[in-house]
Amino acid sequence: MYRTHTCGELKIGDAGKSVTLSGWIQRSRDLGGLTFIDLRDRYGLTQLIFNMDTDPALCNEARKMGREFVIQVDGIVRERSNKNPKMPTGDIEIQAEHMKVLNGSITPPFTIEEESDGGDELRMKFRYLDLRRPPLKNNLLLRHQMAFESRNYLNSQHFIEVETPVLIKSTPEGARDFVVPSRVNSGQFYALPQSPQTFKQLLMVAGFDRYMQIVKCFRDEDLRADRQPEFTQIDCEMSFVHQEDVLNVFEGLITHLFSSVKGIGFSEPFPRMTFAEAMQKYGNDKPDIRFGMEFKELTDHVKGKNFAVFDSAEYIGCIVAEGCSEYTRKQLDELTEFIRKPQIGGKGLIYIRCNTDGTFKSSVDKFYTPEELQIIAATTGAKAGDLLLLMAGELIHTLKALSELRLEMGNRLGLRKKGIFKPLWVLDFPLLEWNEENKRFYAMHHPFTSPKPEDIDLLNTDPGKVRANAYDCVINGVEIGGGSIRIHEEGLQKRMFQVLGFTDTEAENQFGFLMQAFRYGAPPHGGIAFGLDRLVSLFAGEDSIRDVIAFPKNNAGRDVMADAPSEISTEQLKELSISILKADK
RNA sequence: GGUGAUGUAGUUCAGCUGGUUAGAAUGCCGGCCUGUCACGCCGGAGGUCGCGGGUUCGAAUCCCGUCGUCACCGCCA
């Protein structure tokens, strides 16, 4: 028997017991006559003690043990003379009687401790060692718990988990597909699913009523801290539901996760906000509502004073930074520099200080009298001691830049605390988005999203104005889930493809199987998918989803541990009837 | 596709306006130590300064290119 107990469970009440433990050597402390070894497994750390007086041979052997050796030790649980209150097992130690080396270890390239000394790249290359560290280990335990509780809740709501295929048909809409060549069907390719969307809809047609799946999805797009080419969704679909039903069931899921995993309850239902309202107040379809600082529009209040920047602007808006009227020139310059960064693209920042003595100082004093500044400040609701930050320009760009500025100010003022969670539903997204480059509309969510019934006529006259039965769940500025009520009628689905610029033949070729299914009694249905990786990283307080994925890809989509992707042999290529184009130059 | 940051002992980093033998901490190896828990003390080994080219009497340092890593923009229905 390798062990009678784990390294985390022995406590003072076990004193006197004969036990066997197996695990990894975290660290050893050789004091000459005494040697201590901290033995680690998934469950914790337990101190072993070897004494030169009682067993010199064993003690000498223990002195030779290196970090990360795997050993098995038999011994007696003893109460410590010097207790360590910092350790859960700090009241006891194991007086070793026998030791067996189960496997040695070469010196690890970085320290395997709470805070490692290793850099990202190195730890990624030795991921299996990094995963021994408590922070990463705990993230994976948390992930398991969240997946388990999700299934638990959804099972209680009569969802059944159904596996959908991973080798599917490639479609040009949406993100780029990962493709897989078919050997048997020479020259043809499968795609890996960006989501099981059509299959879960077909399961509704099949009458399963409530489907869920914790499922890998694949998108061949560039990576970010919160984006991996393969990621996991809690994918769900329900029949005979309106939007309200879906929101209620999945508000229940999120609430259940918070209470069962973090012990956090929400006293109020999740607030709801339309897409239009989110854009107007926060310049963002996934606002962080842990803090206010909502936009105040000033377009109609500040024009006509010969200030060209304002007079030529489509939109002028501002945020009120409470208590920041004392910001120094340097701090204001930093903010200007921030919004001027190319990825934000702001041209300039205008400030109005509402001094505590009731006076006003601004960067546009040349154009506005103190009285006019006071009126502007009053319009925004600013108080003495506040700082107004104004941006002006083309509508969409200015909203976006002002949104970045708001988040930056939130960070600077410490208003985005990690332990605070503010969920939010964003509703009524536009159905379509105009793409200037290709001169056509694209589905904002996906082509199976239903338009709001009252907006259907706009499909013919002003498609850009059509609102969808689509909703996102946002927590702390992170989009953690999104879904919609789907189209379940062949006619409307065909109309949708027409608006998206598909010919009937193209629509038939790509999605004929779905529209065929709609002819056989498709029930009204809708659903949602949550990003498990993002949810777990939010719960764990991690900034990157890589920290909650066992074996993630790096910035360039590479697995640096296994060194994938890699070239394949000419034999393999030949078998697949594939030739590789030589790169230019 | 683009912008920025970065690359120096096993590891994390310092290394100024170019100047003798490239440092620190930690880890590793050896010695001492009976209550440590980041044990302590003494000693030691350890470097293709990412790679290639250029400027210079002289380059870790300046310039050009290239590769890797990270963050972001584009992209992500």
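Because the structure is a prediction, the values reported are computed rather than measured. Proteins get letters first, then strands, A, B, ... in listed order; numbering begins at 1 in each.
If you check every strand for non-hydrogen atoms under 4.0 Å, A:Q47 touches a base. Nucleic acid contact for A:L122: sugar-phosphate only, since backbone atoms but no base atoms lie under 4.0 Å from a heavy atom of the residue. At the heavy-atom level, A:S195 lies under 4.0 Å from base atoms of the strands shown. Note on A:M124: nothing from the nucleic acid sits closer than 4.0 angstrom, heavy atoms only. If you check every strand for non-hydrogen atoms under 4.0 Å, A:K86 touches sugar and phosphate atoms only. A:G90 comes within 4.0 angstrom of nothing in the nucleic acid, heavy atoms only. At the heavy-atom level, A:F36 lies under 4.0 Å from base atoms of the strands shown.
Comparing the C1' positions of B:G15 and B:G7 gives an interatomic distance of 15 Å, to the nearest angstrom. Separating the C1' atom of B:U6 from that of B:C49 is a span of 14 Å, rounded to the nearest Å. The C1' atoms of B:G68 and B:G52 are separated by 15 Å, rounded to the nearest whole Å. Across the C1' atoms, B:G35 and B:U26 are found 25 Å apart, a figure rounded to whole Å. Here the separation of B:G18 from B:C75, taken at their P atoms, is 43 Å to the nearest Å. Rounded to whole Å, the C1' atom of B:A60 lies 14 Å from the corresponding atom of B:C51.
Whole-Å rounding puts the A:D226 CG to B:C70 C1' distance at 14 Å. In this structure, CG of A:L48 is placed 17 Å from P of B:C37, rounded to the nearest angstrom. Per the geometry, CD belonging to A:Q26 stands 14 Å off C1' belonging to B:G27, to the nearest Å. In this structure, the CG atom of A:D30 is 15 Å from the C1' atom of B:C28, given to the nearest Å. Between the CG atom of A:D543 and the C1' atom of B:C72 there is a distance of 14 Å, rounded to whole Å. Per the geometry, CG belonging to A:N60 stands 11 Å off P belonging to B:C32, to the nearest Å. Summarising the geometry, the separation between CG on A:N82 and P on B:C39 is reported as 15 Å, rounded to the nearest angstrom. One can place CD of A:E121 at 13 Å from C1' of B:U11, the figure rounded to the nearest angstrom.
The stretch residues 487-496 of chain A does not touch RNA chain B, since none of its heavy atoms comes less than 4.0 Å from the strand. Within residues 554-564 of chain A, the residues approaching RNA chain B are A:N554, A:N555, by heavy-atom distance under 4.0 Å.
In this model, the phosphate group of B:C70 is approached by a side-chain N or O of A:R546 to a distance below 4.0 Å at OP1 or OP2. Proximity of A:R123 to the phosphate of B:U11: no side-chain N or O atom is located under 4.0 Å from OP1 or OP2. An OP1 or OP2 oxygen of B:C73 is reached within less than 4.0 angstrom by no side-chain nitrogen or oxygen of A:K400. For A:R29 and B:U36, the shortest distance from a side-chain N or O to OP1 or OP2 is not below 4.0 Å. A:R80 has no side-chain polar atom (N or O) that falls below the 4.0 Å cut-off from OP1 or OP2 of B:U36.
Partner assigned to B:C72 is B:G2, using Watson-Crick or G-U wobble distances below 3.5 angstrom. Base-pair partner of B:G43: B:C29 (Watson-Crick or G-U wobble, both distances under 3.5 Å). Nucleotide B:G7 forms a pair with B:C67, judged by Watson-Crick or G-U wobble geometry with both contacts under 3.5 Å.
Between A:K553 and A:D559 no salt bridge is recorded (no basic side-chain N to carboxylate O distance below 4.0 Å). At a threshold of 4.0 Å, the pair A:R176-A:E221 counts as salt-bridged, since one of the basic side-chain nitrogens sits closer than that to a carboxylate oxygen. Ion pairing of A:K216 with A:D235 is absent here, as no side-chain N (NZ or NE/NH1/NH2) approaches a carboxylate O to less than 4.0 Å.
When the nearest nucleotides of RNA chain B are assigned to A:E404 and A:T107 by heavy-atom distance, the more 5′-ward of the two goes with A:T107. When each of A:D117 and A:N435 is assigned the nucleotide of RNA chain B bearing its nearest heavy atom, the one mapping closer to the 5' terminus is A:D117.
Defined by atom type and a distance below 3.5 Å, a donor-acceptor pair is present between the side-chain atoms of A:D177 and A:S170. The closest side-chain donor-acceptor pair between A:Q233 and A:R534, if any, does not fall under 3.5 angstrom. Side-chain atoms of A:T46 and A:E93 form no donor-acceptor pair, as typed in the model, at a separation below 3.5 Å. In the model, A:Q201 has a side-chain atom that pairs as donor or acceptor with a side-chain atom of A:Q197 under 3.5 Å.
At a cut-off of 3.5 angstrom, counting only N and O atoms as typed in the model, there is a donor on one side and an acceptor on the other between the side-chain of A:E93 and the base of B:G35. Judged by atom type and distance alone, A:R224 reaches the base of B:G74 through a side-chain donor-acceptor pair under 3.5 Å. The base of B:C76 is not paired with the side chain of A:R219 by any donor and acceptor separated by under 3.5 Å.
Between the side chain of A:D455 and the backbone N or O of A:R467 there is at least one donor-acceptor pair closer than 3.5 Å.
The neighbour count for A:K125 NZ, taken as heavy atoms of other residues, nucleotides or ligands under 6.0 Å away, does not exceed 12.
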Q) Passes ring-ring contact (aromatic ring centres under 6.0 Å, His included), A:F448 versus A:F511? Steps please. A) CA-CA 10 Å; A:F448 317 110; A:F511 298 107; 5.3 Å; yes
Q) Do A:E436 and A:K439 pass the salt bridge (charged side-chain N to carboxylate O under 4.0 Å, His left out) test, and can you show the C-alpha distance, the side-chain angles, and the key distance before you say yes or no? A) CA-CA 5 Å; A:E436 193 52 45; A:K439 302 282 181 207; 2.3 Å; yes
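The cationic atom of A:R440 (NZ for Lys, CZ for Arg) lies less than 6.0 Å from the six-membered ring centre of A:Y442 and within 45° of the ring axis.
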